[in-house]
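Worksheet: one structure, shown below.
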Amino acid sequence: MSRHEQAVDRYFAAWNATDPEIRAKAVAAAWTEDGFYTDPLADVSGHDQLVAAIEGVQTQFAGFEFRPIGMVDGHHDIVRFSWELVSRVDGSAPVAGTDVITLGADDRITGVHGFLDRVPPA
């Protein structure tokens with residue numbers, strides 16, 4: 001598994017961790033201390049804000065998990081991949097997106113630029 005794929009695996013582990021203690025450890029394993037996440041709905045930085053943002057999404061979409069779509073594409077310290085938010089009950093996926101992440105020297109994420117490709121109607 002490439003370093004790019006490993007970084008994406010850690011990213012999904014953080015987004016899918018439902019236990020608060022495990023989530024905090026997963027965020028620390030995936031992101032640098034000053035790492036950030038930004039998309040059209042969120043702009044957070046640092047482990048505490050990242051943990052809170054993930055918890056907020058999990059609260060809004062209880063019973064859902066993030067899953068990759070397709071292959072991870074990476075070069076140098078940049079990684080691109082797509083994902084969807086899938087119901088564990090019926091398999092529906094109301095949200096999907098594409099993220100571009102940058103990696104630091106230790107292969108943890110320094111930044112995420114997220115794009116929402118599919119969102120539920122308002």
Side-chain angles (χ1 to χ4, degrees):
M1 182 180 296
S2 75
R3 64 189 276 260
H4 301 112
E5 292 166 324
Q6 290 174 353
V8 172
D9 280 353
R10 288 190 303 273
Y11 177 83
F12 280 114
W15 278 100
N16 288 326
T18 56
D19 177 89
E21 186 174 320
I22 293 171
R23 183 183 313 117
K25 288 179 180 178
V27 165
W31 271 273
T32 59
E33 289 77 9
D34 59 348
F36 69 86
Y37 175 91
T38 186
D39 71 18
L41 304 175
D43 188 12
V44 297
S45 62
H47 290 173
D48 290 343
Q49 289 182 11
L50 288 160
V51 167
I54 291 170
E55 182 179 0
V57 170
Q58 290 181 354
T59 299
Q60 182 178 0
F61 292 96
F64 285 76
E65 67 182 2
F66 287 89
R67 294 185 189 163
I69 300 173
M71 303 296 292
V72 171
D73 184 24
H75 64 82
H76 298 85
D77 293 331
I78 302 169
V79 187
R80 174 181 65 171
F81 59 95
S82 295
W83 53 266
E84 59 187 355
L85 188 58
V86 180
S87 169
R88 291 183 189 104
V89 175
D90 66 12
S92 63
V95 183
T98 300
D99 291 351
V100 177
I101 64 177
T102 54
L103 302 178
D106 62 359
D107 286 343
R108 287 191 298 160
I109 298 167
T110 60
V112 178
H113 300 275
F115 297 85
L116 302 175
D117 303 326
R118 181 175 63 239
V119 294

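- Residues Ser92 and Phe64 come closest through the heavy atom pair O-CE2, 4.0 Å.
- Annotation: the span from Asp99 atom CG to Leu116 atom CG amounts to 8.5 Å, rounded to 0.5 Å.
- Legend: residues meeting ring-ring contact (aromatic ring centres under 6.0 Å, His included) with Phe36, ordered by chain and number and at least two apart, are His113.
- For the residue pair Thr110 and Thr32, no side-chain donor N or O sits within less than 3.5 Å of a side-chain acceptor on the partner.
- Distance alone, capped at 3.5 Å, is enough to place a donor-acceptor pair between the His47 side chain and the Trp31 backbone.
- Between the Arg10 side chain and the Asp107 main chain, a donor and an acceptor come within less than 3.5 Å of each other.
- Remark: side-chain polar atoms of Arg118 are paired, donor with acceptor, to backbone N or O of Ala93 under 3.5 angstrom.
- The hydrophobic clustering, which links ILVMFWY residues whose side-chain heavy atoms are closer than 4.5 Å, places Trp15 and Ile69 apart.
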Side chain to side chain contact (heavy atoms under 4.5 Å, CB included) between Val112 and Ile101: does it pass, once the steps are laid out?
CA-CA 4 Å; Val112 178; Ile101 64 177; 3.5 Å; yes
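- Atoms CG and CE, on Asp9 and Met1 in that order, are 4.5 Å from each other to the nearest 0.5 Å.
- Counting heavy atoms from C-beta on, the side chains of Phe81 and Pro68 never come closer than 4.5 Å.
- Taking every heavy atom of both residues into account, Asn16 and Arg88 meet most closely at O-NH2, 4.5 Å.
- Taking Asp43 as the reference, nothing meets the salt bridge (Lys or Arg N to Asp or Glu O under 4.0 Å) condition, with sequence neighbours excluded.
- Val119 and Leu85 end up in the same hydrophobic cluster when Ile, Leu, Val, Met, Phe, Trp and Tyr side chains are linked at under 4.5 Å.
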Inset, instruction - Using the side chain to side chain contact (heavy atoms under 4.5 Å, CB included) rule, take Ile109 and Leu103 through it: C-alpha gap first, then chi angles, then the decisive distance, then the call. - result: CA-CA 5 Å; Ile109 298 167; Leu103 302 178; 4.1 Å; yes
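- Under a 3.5 Å cut-off, the side chain of Arg23 and the backbone N or O of Thr18 do form a donor-acceptor pair.
- Taken to the nearest 0.5 Å, the OH atom of Tyr11 stands 7.0 Å off from the CH2 atom of Trp83.
- When hydrophobic clusters are built by joining Ile, Leu, Val, Met, Phe, Trp and Tyr residues whose side-chain heavy atoms come closer than 4.5 Å, directly or via intermediates, Ile54 is grouped together with Phe61.
- Gln58 contributes a side-chain N or O that, together with a main-chain N or O of Ala17, makes up a donor-acceptor pair within less than 3.5 Å.
- Using a 4.5 Å cut-off on side-chain heavy atoms (C-beta onward), His4 and Arg80 make no contact.
- The salt bridge (Lys or Arg N to Asp or Glu O under 4.0 Å) test applied to Glu55 returns no partner, not counting sequence neighbours.
- Using a 4.5 Å cut-off between side-chain heavy atoms of Ile, Leu, Val, Met, Phe, Trp and Tyr, with links allowed through other members, Val95 and Val100 fall into different hydrophobic clusters.
- Side-chain heavy atoms closer than 4.5 Å link hydrophobic residues (I, L, V, M, F, W, Y) into clusters, and following such links, even through other members, never connects Ile22 to Leu50.
- Minimum heavy-atom separation, Gly114 to Pro40: O-CD, 3.6 Å.
- The main-chain N or O of Thr98 is found under 3.5 Å from a side-chain atom of Asp117 such that the two form a donor-acceptor pair.
- Under a 3.5 Å cut-off, the side chain of Glu5 and the backbone N or O of Ser2 do form a donor-acceptor pair.
- The two residues Arg108 and Asp106 come nearest to each other via the heavy atoms NE-OD2, 2.8 Å.
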